[in-house]
Amino acid sequence: MKKLLSEYMASKNQKSSFDPCDTNVSFPKIEESILEFWKRNDVYQQSLDQRVGRERYVFYEGPPTANGKPHPGHCLTRAIKDLFPRYKTMRGYFCERKAGWDTHGLPVEVEVCKELGIHAKEEIEEYGVEPFIQKCQSSVWQYMQQWEQLTERLGFWVKLDSAYVTYHQSYVESVWWSLKTFFDRGLLYKGHKIIWWWAQGGTALSSGEVGQGYKTVKDPSVYVKFPLPDKENTSLLVWTTTPWTLPSNQFAAVNENIQYATVYDPEEDHYLIFAADLVEKIAAKMKRTLEVKSTCKGSELVGLNYQPPFDYFYKTNGNKTGTLKSGGRENVAWRITSANFVTTDSGTGAVHEAPAFGEVDYELLVSEKERFVDGQGPELICPVSPNGKFTNAVPDFEGQWVKDADKAITQKLKDSGALYLLDQYEHEYPFCWRADDDPLIQYPRESWFVKTTDFKDKMLANNQEINWLPEHIKNGRFGNFLESNVDWSLSRERYWGTPLPIWVCSKTGKMEALDSYDELIAKPGATGMEVWAEAKKSNPDLVEDLKVHKPYIDAITYDSPFDDNGTMNRVPEVIDCWYDSGSMPFAQWGYPHQGQQEFKEQFPANFISEALDQTRGWFYSQLAISTLLFGDDPDIKFPHPFENCIVLGLMMAEGYVCAKCKHRFADQVKKCTQCGGKVSRKTEKMSKRLRNYRAPNEIFDQHGADALRWYFFANQPPWTSIIYSERAIKESIPEFLLRLWNVYSFFVLYANIDGFDPSSISVPGQLDAAALATGNGYRPIQQRGELDRWLISELNQTLKVVTERMDNYDNYAACTKLTSFVDSLSNWYVRRSRDRFWAEDKQDANKLDAYWTLFETLATVCKAIAPFTPFLSEAVWQNLTKSMGGASTLSVHLCDYPMANETLIDETLSRRMSLLREIASLGLSARMNAKLKVRQPLSGVTVVLNNPTDQAWLETHDDLLKTELNVRAVTYTTDAGDYVTYQVVPNFKLLGPRVGKLMPKVKSAFAAADGKTILQSLSQTGKATIEVDGQKVELSEQDVEVRLQANEGWAAAQGVQAVVVLSTELTPELIRSGLTRDVVRLVQDYRKELDLQRTDRIKLTVETQSDELNQAIQENTDFLAGEVLAKEVNLNVAQGDTVERAIGEHTLKISITVAQE
RNA sequence: GGUCGUGUAGCUCAGUUGGUUAGAGCGCGUCGCUGAUAACGACGAGGUCCCAAGUUCGAAUCUUGGCACGACCA
């Protein structure tokens, strides 16, 4: 029955259908050759070409910045971005994938500054904007090669050579077009914004930068009296930790809903108003007794005027009033207002407001301003210059750095009697991350804004139509962010960015926006183009795109259309680089100056995916720009510019940290190499600084791109945070990739031995069912054996689920299904079919069925996993189709995605087979429990089913169970007598709603009742009753569930559907049979020890004093000889090299000599 | 401080509209197989489903309040 390896060796010399495959597979090596194959045949392009004219599936690439090395997080993004376009392409869509690069912005400038060893803005100016920009432009491509390499190595199919680049002229002009549109529609305006300002460096810091520089510091904490003219001898007690902002005070804020107390301070003979909850605390600080005279709600204080502690502005404007929109007049400043951000957590419950130096303060000013008729409200007071020093508006402190002035200001408050209490306050305060000792200040700067708030409702409506994965992003993080939308602060006082395309008239200050370079230079009186021309002349390598950048674009001026003597100059700002990337839906085509057709066909995107950190980044910038630009167009429906968005989780690194010295290790170590401390596992944020992750290339080289991809796709839904651990990646290989590979190599091994030749198919193509049907010896599925039908049924069931899940962007569930199918394929189909592959007759129909079934399954699985693991599937496909000499589809990636043929899904068979597998598993479990190893044959098992429906079918599979369980007989019974107790439990789902509160009592009634009686009644009459509290509850068959309980004293195992009971009685004959198997095992071990070839035939001598063993071997000589390839078996005195072994109490000596052929 | 998310086995994670025996893989242990063989397979141990209260006949699942962690924002 078994085939000799020598035949296999011989078959190698014949023409074989498949290249033999190495069981010691190296996936990385295979992948390299597949990459080569794809490149040679331009397979990606072919996959597109064959879909031209089909419905499009539009993918937008969120542009990465290539000025840093790619890290594992980028692998995940790129893997997901590859998966769905590949899948959709196979499903028949036309899916072009244009790459893109984000190139502008502060991070690029910072990199260049680092390289130049400078950091302040002045230093950039000193170095020269022109060479600086040129450096930025080239620095952007610093790691380009690594990015392209990663992209290709990961198998991310994307058009790199036609990538869009945000600094390209066409891109910039497209962005200009959108800005001009906004400008012309009045959506672009200039306003103030309070930003974190590095005064010494003269630049703003982004929130990310600010976040890096927090330090714990002690600041003065001052409690200041703000006298209330309307209340005699009474002050509002106000608290601040920035005394330097007091000269700029404009309001005091209270919370309308907090209770405020008027307290009397006998030592000062003065009344103070502050939050009632804080009276004790402040009294304690002052070490005084404060008497509460009355309390009131904050709302009663709102509107009162006060005298600020400094009168630099108050003396001229203190009594200024303005007309309210609601009618009436009110003081424009130095008035108590309400603000709900005021709390009693610290301070006094009354907050000093200096709108110039606090973002919330500023918002308060803006909302105050809105209450007044235009032009009559409060104006911003800012007596500090951008260098952080007081101006002459505050003569007492003029020229002092504000933080230094804190002391003098506090002293002055003391002198004037305004200071009530001086304390210290410890808190976190931001410092410049580049100049450690420079505290940042909040400071107002002029900035250009996009009026996104006008479109809030439209953006929300647009958002509602987007399919977010995970769903909670829609109304959670992203929705909330939209709800609290503020106008987009667009401009940056920097150098390397898209210039804001607004030109101002030198005479009138009137402005216009332009949207192309050609339009600019064609303007009447346009001059300054020579600056670029000269730069280009002296360095012909300069890329043409730089001419639309600073400083060249700034050099160009033209005659003002607004005033005959005026000149138009560009405003100095560049724009936020997020605006660049958010414009890609149209700017990637240079729309509308060019690419109108492309835009029309590829807007909006069906699919995008980025990580969670893009919520306020690219996801928002795209949605905002798109909604503002196209939201009013009746022809463009929501959602746009993207329909489905997978929001990826953040990637964590697995590391090991020493508990003692905090030293970090990438690999697991037993003890800290630095201090010998205990090292424990820790997952934390990936960080370049900690170097707590392995470079992607190392993973590719050791485990391969498919391993990494499959790990990403199959181990968790993509939106959970993913731990990037080499260990985990490695461990996920055997479960799927290797298991599939083993099945495949098993197939190749035997197909070659038997000369199975699939090239008999007349038109192979994609090896679909119709093509296969023409093969030699191919029989329709229905005519094949049960195992084959079962496998094909499972296969189609799998395809059905996988396509359903993938259509819902659920790659995780799809992979789970594929994994379980490959498990069934390997551990049931192949395992149970092995002897068919070993069958003697090469033309045996049953054998050919096995080949065709496995071949079809492998080919189909190949196609099904192609989007997930493109390399492995290609490698298998190439070999499966090798013999067809080009008549089959060139690449698996040019195939259509396999769809389920539902007529081949046999649910009954599927159910039965899983029952059979369960019984086998129970049998093994019972053996384990009874400590009866599988090698020991048993006389039989008894299977007790709790539902006899499938018994007849099972009985036809006795042989299978006999082999699996090594028993001589299998019997089924429904009356298990002593083995089993029937337990009848209520069907809670059905009975629960019906009996309601009676349920617990029903439950105990069931427990008390005799299961057998109920079952009998049910099987005879179809119903039964059970008594609860004197009430009768009618039961139908659906109302109960039967459970079997294996009784004590039997070697039995119970499952959900059956109990399997072993016959444990061992006859001498059974024991001898088991002993023989033990001998086989020992001999095989010894063969291995002797390094014998698997094909070597031997002469075996066994010497033993045990009569029983002698008898066993004599009875089973043929079996023994067959198993160990022995030409002869002797029971003599062992000679030559012998080993002594024992089986239980039997000892034996074994000697082996290789038999000559 | 706010918002969002997460908390289930040693680890990484599933868990469908609430239904009473909570799953998978890895790891670990025991064993098997030795013609897929530097593989492979079976079985097993391991859980206060973060805590508490509530709703319900019934809660890992729903509600509320805590706690812890993470992210974003302030």
Side-chain angles (χ1 to χ4, degrees), chain A residues 2-5 8 21 23-24 207 210-211 341 343 345 359-360 470 472-473 475-481 483-484 611-613 615-616 649-650 652 654 681 683-685 711 714-717 719-723 725 727-728 730-732 734-736 738-739 741-750 753 812-813 816 819-820 823 826-827 830-831 834 837-838 920-929 931-935 964 966 985-1003 1041 1043 1053-1056 1077 1080-1081 1084-1085 1087-1088 1094-1095 1123-1125:
Chain A
K2 290 177 183 176
K3 194 146 294 287
L4 289 176
L5 251 294
Y8 165 57
C21 64
T23 44
N24 189 13
S207 60
V210 175
F341 57 78
T343 66
D345 291 347
E359 204 176 338
V360 283
H472 62 74
I473 298 286
N475 293 317
R477 190 174 284 209
F478 196 72
N480 287 340
F481 177 61
E483 285 286 355
S484 57
L612 187 62
D613 54 2
T615 313
R616 285 143 202 269
L650 292 155
M652 308 285 282
E654 179 184 57
R681 187 164 172 277
T683 54
E684 54 191 345
K685 222 176 155 177
Y711 172 71
N715 272 269
Q716 58 277 305
W719 45 82
T720 58
S721 56
I722 292 175
I723 294 172
S725 115
R727 183 184 53 85
K730 199 173 145 191
E731 281 170 0
S732 76
E735 186 191 358
F736 182 77
L738 200 56
R739 193 171 281 164
W741 185 265
N742 280 331
V743 172
Y744 157 71
S745 67
F746 174 89
F747 168 81
V748 167
L749 181 69
Y750 289 101
I753 289 174
Y812 175 71
T816 306
T819 302
S820 96
D823 178 64
S826 170
N827 292 330
V830 172
R831 182 176 149 82
R834 273 190 284 205
F837 292 102
W838 297 332
S921 166
L922 286 172
L924 289 167
S925 172
R927 293 196 74 118
M928 285 291 283
N929 291 335
K931 296 207 186 307
L932 291 164
K933 57 191 173 189
V934 182
R935 226 177 293 137
E964 273 295 303
N966 193 16
V985 290
N987 180 339
F988 288 92
K989 207 168 181 175
L990 272 178
L991 282 175
R994 220 164 78 203
V995 306
K997 295 200 183 203
L998 232 47
M999 202 59 214
K1001 285 178 179 168
V1002 171
K1003 188 183 175 185
E1041 277 170 29
R1043 281 186 197 145
Q1054 75 185 58
V1056 179
R1077 283 176 174 245
V1080 170
R1081 167 102 199 275
Q1084 299 285 30
D1085 277 352
R1087 282 185 60 124
K1088 216 184 234 173
R1094 289 176 305 194
T1095 48
E1123 290 293 315
V1124 303
L1125 299 186

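Chain letters run A, B, ... following the sequence lines, proteins first, then strands; residues in each count from 1. Everything numeric in this text was worked out from a predicted model, so none of it was measured.
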For the atom pair [atom1] ([X]) and [atom2] ([Y]), what is the distance rounded to the nearest 0.5 Å?
X: R1077(A); Y: K933(A); atom1: CZ; atom2: NZ; result: 11.5 Å
X: R739(A); Y: D823(A); atom1: CZ; atom2: CG; result: 4.5 Å
X: N966(A); Y: R927(A); atom1: CG; atom2: CZ; result: 5.5 Å
X: Q716(A); Y: Y711(A); atom1: CD; atom2: OH; result: 5.0 Å
X: N827(A); Y: S820(A); atom1: CG; atom2: OG; result: 11.5 Å
X: T816(A); Y: F736(A); atom1: OG1; atom2: CZ; result: 11.0 Å

Rounded [atom1] spacing from [N] to [M] in Å:
N: C13(B); M: A60(B); atom1: P; answer: 23 Å
N: C69(B); M: U30(B); atom1: P; answer: 38 Å
N: C50(B); M: U6(B); atom1: P; answer: 13 Å
N: U8(B); M: U12(B); atom1: P; answer: 9 Å
N: G66(B); M: G29(B); atom1: C1'; answer: 39 Å
N: C26(B); M: G44(B); atom1: P; answer: 15 Å
N: G47(B); M: G23(B); atom1: C1'; answer: 12 Å
N: U21(B); M: G65(B); atom1: P; answer: 32 Å

Figure out the [atom1]/[atom2] separation between [X] and [N], and round it to whole Å.
X: L924(A); N: G41(B); atom1: CG; atom2: P; answer: 14 Å
X: R834(A); N: C33(B); atom1: CZ; atom2: P; answer: 13 Å
X: R927(A); N: G32(B); atom1: CZ; atom2: C1'; answer: 10 Å
X: F481(A); N: A74(B); atom1: CZ; atom2: C1'; answer: 13 Å
X: N715(A); N: C11(B); atom1: CG; atom2: P; answer: 16 Å
X: N827(A); N: C40(B); atom1: CG; atom2: C1'; answer: 8 Å
X: D823(A); N: C40(B); atom1: CG; atom2: C1'; answer: 12 Å
X: R616(A); N: A71(B); atom1: CZ; atom2: P; answer: 14 Å

Using a 4.0 Å heavy-atom cut-off, write out nucleotides 60-70 of chain B from 5' to 3' as B (base contacted by protein), S (sugar-phosphate only) or - (no contact).
----------B
Between the side-chain atoms of R1087(A) and the base atoms of U34(B), is any donor-acceptor pair under 3.5 Å?
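Flag unset: no donor-acceptor pair detected.
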If you take atom types as modelled and just measure distance, does the side chain of K1003(A) reach the base of U20(B) with a donor-acceptor pair under 3.5 Å?
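Result: at least one qualifying N/O pair found.
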Selection from [options] that lies nearest to any side-chain heavy atom of [X]:
X: T720(A); options: A14(B), G32(B), A36(B); answer: A14(B)
X: V934(A); options: U17(B), A36(B), G32(B); answer: G32(B)
X: N742(A); options: C4(B), U12(B), A39(B); answer: A39(B)
X: R935(A); options: C33(B), C13(B), A42(B); answer: C33(B)
X: F988(A); options: U20(B), C57(B), C13(B); answer: U20(B)

When both hydrogen-bonding distances must be under 3.5 Å and the geometry is Watson-Crick or G-U wobble, what is [N] paired with, if anything?
N: C4(B); result: G70(B)
N: G58(B); result: none
N: U63(B); result: A53(B)
N: A22(B); result: none
N: U48(B); result: none
N: U34(B); result: none

Between E964(A) and R831(A), does any NZ, NE, NH1 or NH2 come within less than 4.0 Å of an OD or OE carboxylate oxygen?
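Yes, this pair counts.
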Between L612(A) and L990(A), name the one whose nearest nucleotide on RNA chain B is closer to the 5' end.
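In this pair, the answer is L990(A).
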If you pin S921(A) and R1081(A) to their nearest nucleotides in RNA chain B, which one's is more 5'?
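Result: R1081(A).
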Heteroatom pairs (N/O) under 3.5 angstrom, protein to nucleotides 26-29 of chain B:
from: C26(B); atom 1: O2'; to: E731(A); atom 2: OE1; distance (Å): 2.5
from: C26(B); atom 1: O2'; to: E731(A); atom 2: OE2; distance (Å): 3.2

Please work out if [X] contacts a base, only the sugar-phosphate, or nothing of the nucleic acid, heavy-atom cut-off 4.0 Å.
X: P993(A); value: base
X: V743(A); value: base
X: F747(A); value: nothing
X: V830(A); value: base

Phosphate-side-chain proximity, [X] and [N], N/O vs OP1/OP2 below 4.0 Å:
X: K989(A); N: G19(B); answer: no
X: Y750(A); N: A36(B); answer: yes
X: S484(A); N: C73(B); answer: no

With a 3.5 Å distance limit and no angle check, can you tell me whether R616(A) reaches the backbone of F481(A) through a side-chain donor-acceptor pair?
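Pair absent, no side-chain N/O of R616(A) close to backbone of F481(A).
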When you measure from the side chain of S925(A) to the backbone N and O of S921(A), does any donor-acceptor pair fall under 3.5 Å?
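It does not hold such a pair.
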Is there side-chain contact between S732(A) and N715(A), with heavy atoms separated by less than 4.5 Å?
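The answer is yes; the side chains approach within 4.5 Å.
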Could you walk me through whether Y750(A) and R834(A) pass side chain to side chain contact (heavy atoms under 4.5 Å, CB included), step by step?
CA-CA 10 Å; Y750(A) 289 101; R834(A) 273 190 284 205; over 6 Å; no
Do you know the tightest heavy-atom contact between N480(A) and N475(A)?
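Heavy atoms only, the tightest pair is OD1-O, 3.7 Å.
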Looking only at heavy atoms, which two atoms of A611(A) and G649(A) are closest? And how far apart?
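Heavy atoms of A611(A) and G649(A) come nearest at CB-O, 4.4 Å.
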